[in-house]
Amino acid sequence: MKIAGSFLTIQKYKEKINDLNNAIDQIHFDIMDGKFTEKPTLPLEIMEENLKDINKPIDVHLMVIDIKRYVNKVLKFKPAYITFHIEATDDPGYFINYIKSKGIKVGIAINPETDFDEIYPYLDDIDLVLIMSVHPGKSGQLFIDVTDRIDKLYEFRRRNGLSYIIEIDGGINDETIKKIKKADIAVAGSYITKSDNYQEKANILRSEVNE
Ligand code: DX5
Ligand code: ZN
């Protein structure tokens, strides 16, 4: 399993970015518009300053209503993945094609309270499913048990010979990570960034899941 670091809580501190960079496998770049979520993230220009030092693949998590506008804004970061929320649009197919047309892999995120059946029609066409284990909006929340969703996606992928990546986001720590062993990527924010030693925390997470 890979560990993606969310720098939502430290994006103001440029000097911390390098530590995070060294500790994790990829950067989970949260963007909130203050409409889909209660509060917005910092202006993109400020985040961009910090992102310059990142030398790991970037996975963008758009928690926004105007998906196209933000896709266009993040293209310059050359992300490996752009993920949008299924709750933010009536036409996910349109945005799947739009993101693919830019040569970028595409993910769909699904909130804990959303009917999980909504995701199935798109599984053939996407590269990543982001299962939210908190309500989008802030880091440091308690993990909501979404283990059954991971199992379903894992089995569906195996049975249908698909290859999407399963990523879990929210409330991951050294205990909750034990419940999500079938996932491919775990996003960790506050568990890592609350500590002074990011490397140590990331390694603890890895040791819980990678025998
Ligand atoms: C929540 C964000 C998450 C969050 C994770 O809205 O999408 O990526 O930053 O932070 P922790 O790991 O602290 O729950
Ligand atoms: Zn996120």
Side-chain angles (χ1 to χ4, degrees), residues 1-13 16-17 19-20 23-42 44 47 50-51 54 56-65 67 70-71 74 77 79-88 105-114 127-147 149-150 165-180 183-196 198 200-206 208-209:
M1 185 192 287
K2 287 185 179 162
I3 306 296
S6 155
F7 66 44
L8 199 57
T9 46
I10 60 156
Q11 56 197 209
K12 285 179 219 150
Y13 314 114
K16 293 272 205 177
I17 300 293
D19 288 353
L20 187 63
I24 47 84
D25 302 300
Q26 66 186 49
I27 288 282
H28 178 83
F29 183 28
D30 285 311
I31 300 183
M32 310 195 255
D33 64 357
K35 295 181 184 129
F36 186 79
T37 51
E38 207 171 303
K39 291 190 183 141
T41 32
L42 292 175
L44 223 52
M47 298 204 236
N50 295 336
L51 271 179
I54 298 293
K56 295 284 165 71
I58 296 173
D59 102 66
V60 172
H61 177 193
L62 295 180
M63 291 166 274
V64 305
I65 298 286
I67 298 167
Y70 283 89
V71 168
V74 300
F77 303 127
Y81 296 92
I82 299 179
T83 297
F84 64 90
H85 269 265
I86 198 162
E87 300 84 7
K105 291 183 177 159
V106 60
I108 295 189
I110 183 157
N111 284 341
E113 70 279 9
T114 302
D127 302 292
L128 181 148
V129 182
L130 183 61
I131 304 179
M132 296 304 296
S133 40
V134 297
H135 298 284
K138 54 179 190 250
S139 75
Q141 303 182 72
L142 282 185
F143 179 80
I144 298 170
D145 198 323
V146 289
T147 324
R149 296 182 165 199
I150 303 171
I165 282 169
I166 305 171
E167 183 176 21
I168 315 299
D169 187 11
I172 299 299
N173 58 38
D174 53 346
E175 283 303 316
T176 55
I177 200 160
K178 294 176 191 163
K179 300 183 182 175
I180 63 158
D184 304 300
I185 305 177
V187 176
S190 53
Y191 176 73
I192 292 179
T193 56
K194 265 193 322 202
S195 157
D196 280 340
Y198 294 176
E200 181 189 60
K201 289 290 182 183
N203 285 342
I204 292 173
L205 291 180
R206 288 191 185 96
E208 293 296 346
V209 288

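Each ligand, and each atom within it, is numbered from 1 in the order the structure gives.
For the pair NE2 of His28 and OD2 of Asp169, the angle whose vertex sits at the Zn ion (ligand 2) is 100° to 10 degrees.
Within the model, atoms OH of Tyr198 and CD1 of Ile17 stand 7.5 Å from one another, a figure rounded to the nearest 0.5 Å. Between atom CG of residue Leu20 and atom CD1 of residue Ile54 there is a gap of 6.0 Å, rounded to the nearest 0.5 Å.
Scored by the salt bridge (Lys or Arg N to Asp or Glu O under 4.0 Å) test, Asp184 finds Arg157 as partners (sequence neighbours excluded). The side-chain contact (heavy atoms from CB on, under 4.5 Å) test applied to Pro112 returns Met132, His135, Ile144, not counting sequence neighbours.
Side-chain atoms of Thr176 come within 3.5 Å of backbone N or O of Gly171 as a donor-acceptor pair. A donor-acceptor contact shorter than 3.5 Å links the side chain of Lys56 to the backbone of Ile24. No donor-acceptor distance shorter than 3.5 angstrom exists from the side chain of Asp30 to the backbone of Ser6, with no hydrogens or angles considered.
At under 3.5 Å, not a single nitrogen or oxygen of Tyr191, backbone or side chain, sits near a nitrogen or oxygen of ligand 1. The distance criterion of under 3.5 Å between nitrogen or oxygen atoms is met by Ser6 with respect to ligand 1. Of the N or O atoms in Val187, none lie within a sub-3.5 Å distance of an N or O in ligand 1. Considering backbone and side-chain N/O atoms, Gln141 never comes within less than 3.5 Å of an N/O atom of ligand 1. Checking only distances, Met32 never comes within under 3.5 Å of ligand 1, N or O to N or O. At a 3.5 angstrom cut-off on N or O pairs, Met63 does not count as close to ligand 1. For ligand 1, the polar-atom distance check against Val134 finds no nitrogen or oxygen pair separated by under 3.5 Å.
By the criterion of a heavy-atom distance under 4.0 Å, the side chain of His28, and not its backbone, is placed next to ligand 1.
Atom OD1 is the N, O or S atom of Asp30 at the shortest distance from the Zn ion (ligand 2). Considering just the N/O/S atoms of His61, the one nearest the Zn ion (ligand 2) carries the name ND1.
Of all non-hydrogen atoms in Leu142 and Val134, the two that sit nearest each other are O-CG1, 3.5 Å.
Between the choices Ser139, Gly170, Ala4, the shortest heavy-atom distance to atom 10 (O) of ligand 1 belongs to Ser139.
Distances below 4.0 Å separate heavy atoms of Gly171 from the following atoms of ligand 1: 11 (P), 12 (O), 14 (O). Proximity to Ser190 (heavy-atom distance under 4.0 Å) selects the following atoms of ligand 1: 11 (P), 12 (O), 13 (O). Close approach of ligand 1 to Lys138 is summarised as follows: ligand atoms under 4.0 Å from at least one heavy atom of the residue are 1 (C), 6 (O). Less than 4.0 angstrom separates some heavy atom of Gly140 from each of these atoms of ligand 1: 11 (P), 13 (O), 14 (O). Taking every heavy atom of His61 and a limit of under 4.0 angstrom, the matching atoms of ligand 1 come to 7 (O).
With 3.5 Å as the limit, one finds no donor-acceptor pair spanning the side chains of His61 and Asp59.
A salt bridge links Asp25 to Arg206: at least one charged side-chain nitrogen sits closer than 4.0 Å to a carboxylate oxygen.
Here the options are Val74, Val106, Leu128, Ile58, the test is side chain to side chain contact (heavy atoms under 4.5 Å, CB included), and the partner is Ile82; only Val74 passes.
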